Amino acid sequence: MVTSSTFNASAPLISAEALRAEIVENPLQNYLLGIIISIFGNVLISISLNIQKYAHVCQAQRGSKPYYTSVMWWCGVVLMGIGELGNFAAYGFAPASLIAPLGCVSVIASAVISVFFLKETVRASDIVGGSLAITGTYVLVTFAPHASTHITAHLVQYHAISWHFLLYLFVEVILFCILLYLYKRRGVKHIVIVMLLVALLASLTVISVKAVSGMITESIKGQLQLIYPIFYVMLIVMVASCAFQIKFLNQAMKMFDATEVVPINFVFFTASAIVAGIIFYQEFEGLALLNIFMFLFGCLLSFIGVFLIARNRPQIKQQDRTFIPMDRVPGRRNIDKVQPEAKTQTYGSLAAKLMCNRAGETDDS
């Protein structure tokens, strides 16, 4: 006869074994479905970007209506929404450490489509980079962890209070505060600083996106997960981290060229997603050392391929026709010598105005 004390002592063990069973499951069908959905979503994103770029070029040549009045531009926006939705759904079927590196498919497809759609020239670096990226994608898909977990609310809660994730979150918060201090207070505008801020936010985005997507998938299958508070906590984290991630990414696009931002963002985002998958979802648990090495080697090939594709890619820049150089303003002479330097102590002061007046008198005489 089993006593109540014996039952209470064995209850945590039964709960832990049931939780471990959810983690170890390996349905190959879900794994392949996640890969297909992710590739399809990234191809749609690359098509949408090229359509939007083509719409911008057409509207700039006409110069009559803004870009958001173009039907073609809205078609590109709709395709991008469908592609992002596909990436979101893919996290519910395959490991996060696999879905994130598949983002290089978007870069490869964009380079191919731009040749035929936007009539861009094919460079040797595009061919070499595309070959390396495709090879790396094949290697990392082959050797990536194939374990596809059923993401339930109990599983997310179990991982959220684990000591290794709490330690990881503490370190990430400290690093984020240091980088934000250097960026905002000290004015360090280096591209690595900005992209590291994006990457730290991206790790939380990946964790929350996979949690929300997985719980929605389980709810559709019949196991309702939307009644648990952890679902809405992860939903808030997902929205907030995405918003701030887009904010810092747009600031990087304003300060630096896209050929620098795109490859660095891909590398940092992929690395943060892999680390998040390893620490939070324990996706590399039980994986052979050879598989880990080959997976990292495939990621390295993809990184090099993306850098080669994005390197020195020509940018379409249009000159503002309403701009008039200050030295060509009628009736003004030597304007560049009158304006004081911004770094001097007299900039914006009364002494600066006196310097301007003296310079004007000298020119008139």
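Keep in mind that what you see is a predicted model, and the values were worked out from it rather than measured.
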Any chance you could lay out the side chain to side chain contact (heavy atoms under 4.5 Å, CB included) test for Cys75 and Val71, step after step, and finish with the verdict?
-> CA-CA 6 Å; Cys75 291; Val71 177; 4.2 Å; yes
Residues Ala153 and Ile230: closest non-hydrogen pair is CB-CG2, 3.6 Å
Listed by chain and number, what are the side-chain hydrogen bond (donor to acceptor under 3.5 Å, both in side chains) partners of Gln251, not counting sequence neighbours?
-> Tyr183
Taking every heavy atom of Ser302 against every heavy atom of Leu140, the minimum-distance pair comes out as OG-CD2, 3.7 Å
Would you tabulate the side-chain donor-acceptor contacts of residues 79-98 under 3.5 Å, counting partners in other chains and residues two or more places apart, or write 'none'?
{"residue": "Asn87", "atom": "ND2", "partner": "Asn42", "partner atom": "OD1", "Å": "3.4"}
{"residue": "Ser97", "atom": "OG", "partner": "Glu283", "partner atom": "OE1", "Å": "2.7"}

From Thr137 OG1 over to Ile108 CD1, what is the distance, rounded to the nearest 0.5 angstrom?
-> 5.0 Å
Counting distance only, does the side-chain N/O of Thr135 pair as donor-acceptor with the main-chain N or O of Ser131 below 3.5 Å?
-> yes
State, to 0.1 Å, how close Met215 and Ser219 come at their nearest heavy-atom pair, and which atoms those are.
-> O-OG, 2.8 Å
Could you pull out the closest heavy-atom pair between Leu224 and Ile227, with the gap in Å?
-> CD2-CG2, 3.6 Å
Sequence neighbours left out, what passes side-chain hydrogen bond (donor to acceptor under 3.5 Å, both in side chains) with Tyr138? Give chain and number order.
-> none
Ring pair (Phe, Tyr, Trp, His ring centres under 6.0 Å) against Phe303, all qualifying residues, sequence neighbours excluded | Phe266
Nearest 0.5 Å please: distance from the OG atom of Ser208 over to the CZ atom of Phe280.
-> 9.5 Å
Are the side chains of Lys210 and Ile151 in touch, meaning some heavy atoms are under 4.5 Å apart?
-> yes
Hey, quick one: are Phe143 and Leu289 part of the same hydrophobic cluster, counting side-chain heavy atoms closer than 4.5 Å, chains of contacts allowed?
-> no
Tightest non-hydrogen contact, residues Ser46 and Ser110, listed as CB-N, 3.6 Å
Rounded to the nearest 0.5 angstrom, the NE2-CD1 distance for His159 and Ile279 is 12.5 Å
Per-pair distances, 0.1 Å, donor-acceptor, side chain in residues 231-244, under 3.5 Å, sequence neighbours excluded:
{"residue": "Tyr232", "atom": "OH", "partner": "Leu226", "partner atom": "O", "Å": "2.9"}
{"residue": "Ser241", "atom": "OG", "partner": "Thr205", "partner atom": "OG1", "Å": "2.9"}
{"residue": "Ser241", "atom": "OG", "partner": "Val237", "partner atom": "O", "Å": "2.7"}
{"residue": "Ser241", "atom": "OG", "partner": "Met238", "partner atom": "O", "Å": "3.1"}

Can Leu180 be reached from Val188 by stepping across I, L, V, M, F, W or Y side chains whose heavy atoms are under 4.5 Å apart?
-> yes
Spatial distance of atom CG (Leu132) from atom CD1 (Ile127) [nearest 0.5 Å] = 12.0 Å
Residue list, side chain to side chain contact (heavy atoms under 4.5 Å, CB included) with Ala271, at least two apart or on another chain = none
Just by modelled atom types, is the Phe269 backbone N or O under 3.5 Å from a matching donor or acceptor in the Ser272 side chain?
-> yes
Ring pair (Phe, Tyr, Trp, His ring centres under 6.0 Å) with Phe284: which residues, sequence neighbours excluded?
-> Phe295
Mind checking side-chain hydrogen bond (donor to acceptor under 3.5 Å, both in side chains) for Arg186 and listing every partner two or more places apart, or none if nothing turns up?
-> Tyr181
Which heavy-atom pair separates Ile207 from Tyr281 by the least distance, and what is that distance?
-> O-OH, 2.8 Å
Are Met255 and Leu179 grouped together when hydrophobic residues (ILVMFWY) are joined by side-chain heavy atoms under 4.5 angstrom apart?
-> yes
Exercise answer: donor-acceptor pairs, residues 191-203 side-chain atoms, under 3.5 Å, sequence neighbours excluded:
{"residue": "Ser203", "atom": "OG", "partner": "Tyr168", "partner atom": "OH", "Å": "3.3"}
{"residue": "Ser203", "atom": "OG", "partner": "Glu172", "partner atom": "OE1", "Å": "3.4"}
{"residue": "Ser203", "atom": "OG", "partner": "Glu172", "partner atom": "OE2", "Å": "2.4"}
{"residue": "Ser203", "atom": "OG", "partner": "Leu200", "partner atom": "O", "Å": "2.7"}

Taking only residues two or more places apart in sequence, or in another chain, which ones meet Leu296 in a side chain to side chain contact (heavy atoms under 4.5 Å, CB included)?
-> Ile292
Shared hydrophobic cluster, Ile45 / Ile36 (ILVMFWY, side-chain heavy atoms < 4.5 Å) | no
Rounded to the nearest 0.5 Å, the CG atom of Leu300 sits from the CD1 atom of Ile304 at a distance of 4.0 Å
Identify, with sequence neighbours excluded, every residue that meets ring pair (Phe, Tyr, Trp, His ring centres under 6.0 Å) alongside Phe176.
-> none
Should we say atom NZ of Lys247 is surrounded by more than 12 heavy atoms from elsewhere, each under 6.0 Å from it?
-> no
Check whether any side-chain heavy atom of Leu169 sits under 4.5 Å from a side-chain heavy atom of Leu204, and report yes or no.
-> yes
Does a sphere of radius 6.0 Å around NZ in Lys254 hold more than 12 heavy atoms from other residues, nucleotides or ligands, not counting ones at 6.0 Å or beyond?
-> no
Rounded distance (nearest 0.5 Å) linking atom OG of Ser38 with atom CG of Leu33 = 11.0 Å
May I ask whether Ile161 and Val171 are part of the same hydrophobic cluster, defined by side-chain heavy atoms of I, L, V, M, F, W, Y residues being less than 4.5 angstrom apart, directly or through others?
-> no
